[in-house]
Amino acid sequence: MARVVGHVDVDYFYAQVEEVENPTIKDRPVVVCVFSGRTEDSGVVGTANYVAREFGVKSGIPIVVAKKRLQGKDPVIVRMDHAKYEAVSDRIMELVRSHVDVIEKTGIDEAFFDLTSSSHGDYKIAAGIATRIKNSILEEEHLTCSVGLGRSKVVAKLASDAAKPGGMVVVPPETTESFLGDLDVIKLYGVGPKTAEALGELGIRTVAELAHTEAATLEGSFGKSLAHYLHEASNGLDADPVKENEAPAQFSRIITLKSDTTDPEEAMSQLAAAEADLRSKLASKNTSFRTLSAIAILTDLSTKTRSKTFEAPINDLSTVRSALVDLFSQLSESVDREFRRVGIRVSDLSTDTSQKSLAEFVERL
DNA sequence: GTATGCTTTCGGC
DNA sequence: TTACGGCCGAAAGCATAC
C-alpha cells in the first residue's frame with residue numbers, strides 16, 4: 001500500500017491567534033514581540049502577520065527595526081504570551097489527532113500525521129481527510145493552516161511549505177520527482193550547510209541531481225548510512241516513520257543580562273530565577289539529568305557553551321551551583337568578549353524511579 | 001572504514 | 001547606521017571502539 005504522510009502548519013501562528021482574539025486588528029500589521037527587558041524596546045519579533053510582512057517585518061528582526069519599518073502604518077504591537085499559544089496548540093493537536101492514527105508534533109504550530117491505513121494508500125481519500133482536518137481547525141479555532149501530503153515526511157513538509165499560506169498541496173507518488181526536482185538540496189531535512197557544500201563539490205545542487213546519483217557514489221564522501229539516506233530522501237522514499245512524541249531530551253533557560261559582563265558570579269546571580277524555574281520544571285516531572293551546560297551569548301551574538309557530564313544522574317542544588325560557576329569560569333577564560341545573554345541547559349535526562357508513596361506506587365501499576 | 005557517543009555550534013520556529 | 005529572544009532538536013566535529 002502506498003504510504004501517505006501529512007504535514008500541517010498553522011499560518012503565522014502567534015499573530016493569527018492574536019487576530020482571532022481581536023478580529024478588529026486583522027487588516028493592520030500585527031507584530032508579536034519577545035521583549036528581553038534590557039531596554040524599553042530591546043528584543044525581537046516572534047512572528048508577524050502578512051500585512052506586516054509586506055513591510056519587511058518578519059521573525060527574528062529587532063523590535064526597533066520592526067517599529068521603524070511600520071512607522072505611520074498603524075501597527076499592532078503585542079507582547080508574546082507563550083502560555084496562551086501553548087493552550088491553543090494543545091487543542092489543535094487534539095483536533096488533528098481525532099482524524100488520524102498517529103501524530104508527531106514537531107513545533108508549537110506544526111505536526112506530521114500518517115494517513116496510510118485510513119486512506120488505504122489512496123491520495124484522493126487522503127486529501128479528503130486532510131481537508132476535514134483543515135476545516136475543523138478553521139471551525140473550532142478560526143485559524144487557517146497549510147497542509148501537505150506526500151509519500152514521506154520530507155515530501156509532506158516541502159508540500160505544506162509550498163501550500164503557504166492557507167492552501168493544500170498533494171504530491172502523490174507519481175508526481176514526486178517533478179515536485180522535488182528543482183529544489184536546492186539544502187531544503188532536504190538532514191542536509192545542513194556542510195553536507196550541501198560537500199554535495200556541491202560533487203556537482204550536485206538540486207534534489208533531482210541527488211536523486212539520480214547512486215548511493216554507492218555518495219559513500220566515499222558521506223559514509224554508508226548518510227549516503228543511503230540522501231539517496232532515499234531525494235527520491236521521496238525516506239523511511240523515517242511518523243511517531244508519537246517522546247519526552248523532551250533537554251530543558252534550558254536563557255536570559256538577557258541587564259548589562260554585559262564576564263564575571264561568572266554575576267552571571268549566576270542574574271540566572272537565579274531562571275535556575276529556580278528550571279529546577280521546578282524538573283521536579284514536577286520527577287526528572288534528573290547527567291549533563292549540565294552553561295550557555296553564553298557574547299556581545300557579537302555568537303554562542304559559546306561548556307558542559308559537564310556526571311557519572312550518575314543528579315539534581316542536587318549545591319552540586320549544580322558549583323558546577324555552573326566552574327563552567328561559566330571556563331567560558332569567560334576562553335573568550336575575549338563580554339556575555340550579553342547567559343543560560344543553563346540540562347540534558348541526558350532520566351525519570352526518577354524512587355517510590356514516593358504507596359498511593360503513587362499503586363498509581364504506577 | 002564505519003559505528004557510536006560525547007561536546008559544541010547551528011538553525012528553525 | 002545600528003538595532004537583537006528563548007527554546008528546541010539537528011548538524012557537525014572529534015575521540016574512541018569495533
Side-chain angles (χ1 to χ4, degrees), chain A residues 9-16 32-48 57-69 79-83 85-86 89 104-111 153 157 160-161 164 186-198 219-230 240 245-257 260 271 274 277-278 281 290-310 327 330-331 334-335 340-349:
Chain A
D9 188 334
V10 182
D11 302 319
Y12 60 102
F13 183 55
Y14 306 142
Q16 205 189 344
V32 178
C33 298
V34 187
F35 291 95
S36 72
R38 162 177 275 221
T39 64
E40 167 116 357
D41 274 344
S42 66
V44 299
V45 171
T47 199
V57 172
K58 55 184 183 177
S59 310
I61 70 168
I63 294 165
V64 285
V65 174
K67 285 193 170 180
K68 189 146 289 180
R69 293 185 181 168
R79 178 177 295 269
M80 170 113 91
D81 181 349
H82 208 268
Y85 312 134
E86 204 70 65
S89 173
E104 179 178 346
K105 179 174 176 170
T106 55
I108 192 166
D109 72 333
E110 59 179 276
K153 286 165 99 171
K157 169 85 166 138
S160 76
D161 248 16
K164 288 180 182 177
I186 194 91
K187 290 264 190 181
L188 284 180
Y189 180 86
V191 177
K194 295 288 177 182
T195 305
E197 195 186 332
E219 278 184 28
S221 309
F222 303 102
K224 207 173 174 114
S225 88
L226 183 55
H228 179 256
Y229 170 79
L230 290 171
D240 185 30
N245 297 83
E246 292 171 12
Q250 56 174 244
F251 297 123
S252 62
R253 287 293 181 273
I254 188 162
I255 60 151
T256 299
L257 295 167
D260 301 340
L271 265 172
D277 189 51
L278 189 54
K281 176 153 185 165
R290 274 184 63 225
T291 303
L292 177 68
S293 309
I295 304 165
I297 289 95
L298 311 182
T299 49
D300 65 349
L301 302 183
S302 63
T303 304
K304 291 278 176 191
T305 66
R306 286 294 179 273
S307 60
K308 176 180 170 78
T309 298
F310 295 85
L327 292 166
Q330 287 177 35
L331 276 172
S334 76
V335 301
R340 179 189 176 92
R341 298 160 59 201
V342 290
I344 313 170
R345 177 171 59 225
V346 296
S347 53
D348 206 342
L349 306 177

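Proteins come first, then strands; the chains are lettered A, B, ... in the order of their sequence lines, and each starts at number 1.
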Please compare A:Lys281 and A:Ile63 by the position of their nearest nucleotide in DNA chain C and report the one closer to 5'.
A:Ile63
Kindly say if A:Thr256 contacts the phosphate of C:dG6, meaning a side-chain N or O under 4.0 Å from OP1 or OP2.
yes
Is there a side-chain polar atom (N or O) of A:Ser252 under 4.0 Å from OP1 or OP2 of C:dC7?
no
Under 4.0 Å between a side-chain nitrogen and a carboxylate oxygen: does that hold for A:Lys68 and A:Asp41?
no
Step by step, work out the side-chain contact (heavy atoms from CB on, under 4.5 Å) result for A:Glu110 and A:Lys157.
CA-CA 10 Å; A:Glu110 59 179 276; A:Lys157 169 85 166 138; 3.4 Å; yes
Heavy-atom closest pair, residues A:Ser160 and A:Asp9
OG-CB, 4.5 Å
Please say whether more than 12 non-hydrogen atoms of neighbouring residues, nucleotides or ligands are located less than 6.0 Å from CD in A:Glu86.
yes
Contact class for A:Thr195 (heavy atom, under 4.0 Å): base, sugar-phosphate, or nothing?
sugar-phosphate
So, does A:Arg345 get its side chain near the phosphate of C:dC8, meaning an N or O under 4.0 Å from OP1 or OP2?
no
Output the rounded distance in Å from CD (A:Gln250) to C1' (C:dA10).
10 Å
Verify the contact: side-chain N or O of A:Arg341 to OP1 or OP2 of C:dG6, cut-off strictly under 4.0 Å; return yes or no.
yes
Grab the N/O contacts between the protein and nucleotides 4-7 of chain B below 3.5 Å, and write none if there aren't any.
{"residue": "B:dT7", "atom": "OP1", "partner": "A:Thr309", "partner atom": "OG1", "Å": "3.1"}
{"residue": "B:dT7", "atom": "OP2", "partner": "A:Thr309", "partner atom": "OG1", "Å": "2.6"}

On DNA chain C, nearest-nucleotide positions of A:Ala247 versus A:Ser42: which is more 5'?
A:Ser42
Answer yes or no: does a side-chain N or O of A:Lys157 lie under 4.0 Å from OP1 or OP2 of B:dC13?
yes
Using a heavy-atom cut-off of under 4.0 Å over every strand shown, decide if A:Gly107 touches base, sugar-phosphate, or nothing.
nothing
For A:Ile108, answer base if it contacts any base atom (sugar-phosphate contacts may also be present), sugar-phosphate if it contacts only those atoms, and nothing otherwise; contact means non-hydrogen atoms under 4.0 Å.
nothing
Have a look at A:Phe251 and say if it touches a base, only the backbone sugar-phosphate, or nothing, with a 4.0 Å heavy-atom cut-off.
sugar-phosphate
Tell me what A:Asp41 touches on the nucleic acid: a base, only sugar-phosphate, or nothing, going by heavy atoms under 4.0 Å.
nothing
Taking only the C1' atom of each, what is the distance from B:dG12 to C:dA3 in whole angstrom?
22 Å
Is any side-chain N or O of A:Lys68 closer than 4.0 Å to OP1 or OP2 of C:dA3?
no
Would one find more than 12 heavy atoms of other residues, nucleotides or ligands at under 6.0 Å from atom NZ of A:Lys187?
no
Minimum-distance nucleotide to A:Val65 side chain [options: C:dG6, C:dA3, C:dC4]:
C:dA3
List the steps, then state whether side-chain contact (heavy atoms from CB on, under 4.5 Å) holds for A:Phe13 with A:Val32.
CA-CA 10 Å; A:Phe13 183 55; A:Val32 178; over 6 Å; no
Shortest side-chain distance from A:Pro248, nucleotide among C:dA3, C:dG9, B:dC13:
C:dG9
Within the structure shown, what part of the strands sits under 4.0 Å from A:Gly60 by heavy-atom distance: base, sugar-phosphate, or nothing?
base
